[in-house]
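Written below as structure tokens is the structure these notes are about.
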Amino acid sequence: MDEAVETAADVLDAAGQVVLLGHVNPDADSLGSALALGLALHRRGVQVVVSYGAAEPDELPSETLRALDVAGLLHRPSDVPVEPEVLVCCDTADRRRLGILADRVDAAETTILVDHHASNPGFGDVQVLDPRAEATVLLVHRILDRMDVEIDPDIGACLYAGLATDTVGFRVGGPGPHRLAAELVEAGVEVEPLMRALVDSHPFAWLDALGAILRAAELDPARGLVHASVPHDVVARFRPEEVESVVDHVRSAVEAEVAAVFKEVAPGRWTVSLRSRGAVDVSAVAVALGGGGHPKAAGFSHAGTRDEVLAVVRSALPR
């Protein structure tokens with residue numbers, strides 16, 4: 001891993017143009033990783049484009065995540081160069097998670113992977129891939145340190161956003177995330193307003209929608225499964241942060257080992273978030289269904305009705 005970090009830092013130090021991509025439906029770890037590296041490179045005079053995998057060329061992430069982009073580095077997928085000099089794939093468990101931008105992996109002169117998903121088969125010329133890392137931003141911090149980048153409040157906010165969200169508010173993981181958090185606070189990151197915007201601010205209408213989703217949640221004791229569904233009209237009305245937060249409510253049911261949330265991102269097309277208390281490796285379930293992730297947090301996409309997708313999950317879970 002030290003050699004991979006050093007090689008990645010050397011490639012970035014020598015680059016004149018760098019494209020940094022997060023995965024489809026980017027979260028704070030994915031986009032925070034890309035923006036932290038991108039901002040450091042931009043300040044060195046490198047031509048930087050930050051974007052993310054998408055199904056449509058003109059998508060943009062939520063306003064909350066866009067607020068991390070203080071230098072205007074974030075571009076629509078349609079603006080990403082076809083043949084980048086250096087491509088950095090951040091928090092991307094599989095090249096398919098780059099959506100319509102997946103072809104850039106082979107088109108780039110050099111591709112760097114920075115990721116922490118246990119299910120990642122590995123791709124790219126330089127692979128900074130460490131499943132022991134609680135968040136991809138921890139690996140990005142190692143690269144920045146190797147590049148002698150001074151962490152300021154703007155870069156620190158990008159790192160902290162990914163760190164806090166991927167560790168579920170520092171409830172999972174070892175001492176590493178806590179040490180980095182302390183370093184970022186010392187660098188000037190203002191934690192309360194940052195996290196309030198990321199996870200604690202919702203429109204009033206969301207409370208009613210969330211109540212309806214939770215009232216319809218179901219418990220399957222035979223498989224230790226609790227599950228809930230977010231219909232397409234709700235997915236279309238609210239930010240990804242709201243929709244993704246449903247699983248954190250559902251997984252709190254003590255009777256279930258596994259929580260699943262089915263999100264209808266388009267009519268008849270679902271993304272499924274899986275969470276485990278530890279006895280079931282949900283990354284194995286997700287990989288078997290075409291997705292990936294971590295033993296305690298994973299996901300996949302599937303077409304069909306809600307009941308058909310639920311049946312697929314049930315068949316993949318041990319009793």
Side-chain angles (χ1 to χ4, degrees), residues 4 7-8 11-12 15 17-35 37-38 41 47-62 65 69 73-131 136-137 139-140 143 162 166 240 244 263 265-266 268-273 283 286-294 297-303:
T7 300
V11 170
L12 293 172
Q17 179 212 52
V18 178
V19 172
L20 303 108
L21 300 180
H23 56 64
V24 173
N25 299 320
D27 58 11
D29 191 30
S30 180
L31 207 56
S33 294
L35 286 169
L37 268 175
L41 292 166
Q47 180 185 346
V48 172
V49 172
V50 176
S51 191
Y52 66 98
E56 301 293 337
D58 291 325
E59 286 186 18
L60 279 176
S62 69
L65 293 177
D69 180 24
L73 304 177
L74 188 59
H75 290 68
R76 298 176 188 274
S78 58
D79 296 331
V80 173
V82 175
E83 297 180 344
E85 177 187 342
V86 176
L87 177 71
V88 185
C89 304
C90 299
D91 198 47
T92 306
D94 186 287
R95 68 170 65 200
R96 293 173 300 177
R97 294 281 286 157
L98 293 173
I100 62 174
L101 299 178
D103 61 348
R104 276 28 173 213
V105 172
D106 293 327
E109 293 180 23
T110 305
T111 295
I112 300 172
L113 170 67
V114 188
D115 186 43
H116 71 131
H117 289 89
S119 62
N120 196 324
F123 63 90
D125 305 297
V126 182
Q127 298 179 15
V128 183
L129 176 59
D130 187 357
T136 295
V137 291
L139 303 175
V140 167
I143 296 173
D166 251 37
E244 291 301 322
K263 297 156 290 184
V265 294
R269 185 69 185 175
W270 302 79
T271 62
V272 183
S273 295
S283 70
V287 168
L289 299 175
H294 310 283
F300 68 96
S301 299
H302 207 280

Over all atoms of both residues, closest heavy-atom pair of [X] and [Y]:
{"X": "Pro26", "Y": "Tyr52", "value": "CD-CD1, 3.2 Å"}
{"X": "Leu139", "Y": "Val128", "value": "CD1-O, 3.7 Å"}
{"X": "Ala54", "Y": "Val24", "value": "N-CG2, 4.0 Å"}

- [ ] In sequence, state the C-alpha distance, the side-chain angles, and the governing distance for Leu87 and Cys89, and then conclude on side-chain contact (heavy atoms from CB on, under 4.5 Å).
- [x] CA-CA 7 Å; Leu87 177 71; Cys89 304; 3.9 Å; yes
Looking at side-chain heavy atoms only, is the closest gap between [X] and [Y] below 4.5 Å?
{"X": "Ile112", "Y": "Val11", "answer": "yes"}
{"X": "Leu65", "Y": "Asp27", "answer": "no"}
{"X": "Pro57", "Y": "Arg76", "answer": "no"}
{"X": "Pro81", "Y": "Val49", "answer": "yes"}

First locate atom [atom1] of [X], then atom [atom2] of [Y], and finally report the distance between them rounded to the nearest 0.5 Å.
{"X": "Thr92", "Y": "Arg97", "atom1": "OG1", "atom2": "CZ", "answer": "8.0 Å"}
{"X": "Leu113", "Y": "Phe123", "atom1": "CG", "atom2": "CZ", "answer": "4.5 Å"}
{"X": "Glu244", "Y": "Lys263", "atom1": "CD", "atom2": "NZ", "answer": "3.5 Å"}

TODO: Please determine which of Val80, Leu37, Leu73 meets the side chain to side chain contact (heavy atoms under 4.5 Å, CB included) test together with Val50.
DONE: Leu73
[X] side-chain N/O to [Y] backbone N/O, donor-acceptor pair under 3.5 Å:
{"X": "Ser33", "Y": "Cys90", "result": "no"}
{"X": "Ser119", "Y": "Gly293", "result": "yes"}
{"X": "Glu85", "Y": "Gln17", "result": "yes"}
{"X": "Asp130", "Y": "His116", "result": "no"}
{"X": "Asp29", "Y": "Thr136", "result": "yes"}

- [ ] Please list all pairs passing the side chain to side chain donor-acceptor pair (under 3.5 Å) test where one or both residues lie in residues 120-129, with sequence neighbours left out.
- [x] Asp115-Asn120
Task: Results of side chain to side chain donor-acceptor pair (under 3.5 Å) for Ser51 - residues two or more places apart only - done: none
- [ ] For the pair Glu83 and Arg104, find out whether any cationic side-chain nitrogen is under 4.0 Å from an anionic carboxylate oxygen.
- [x] no
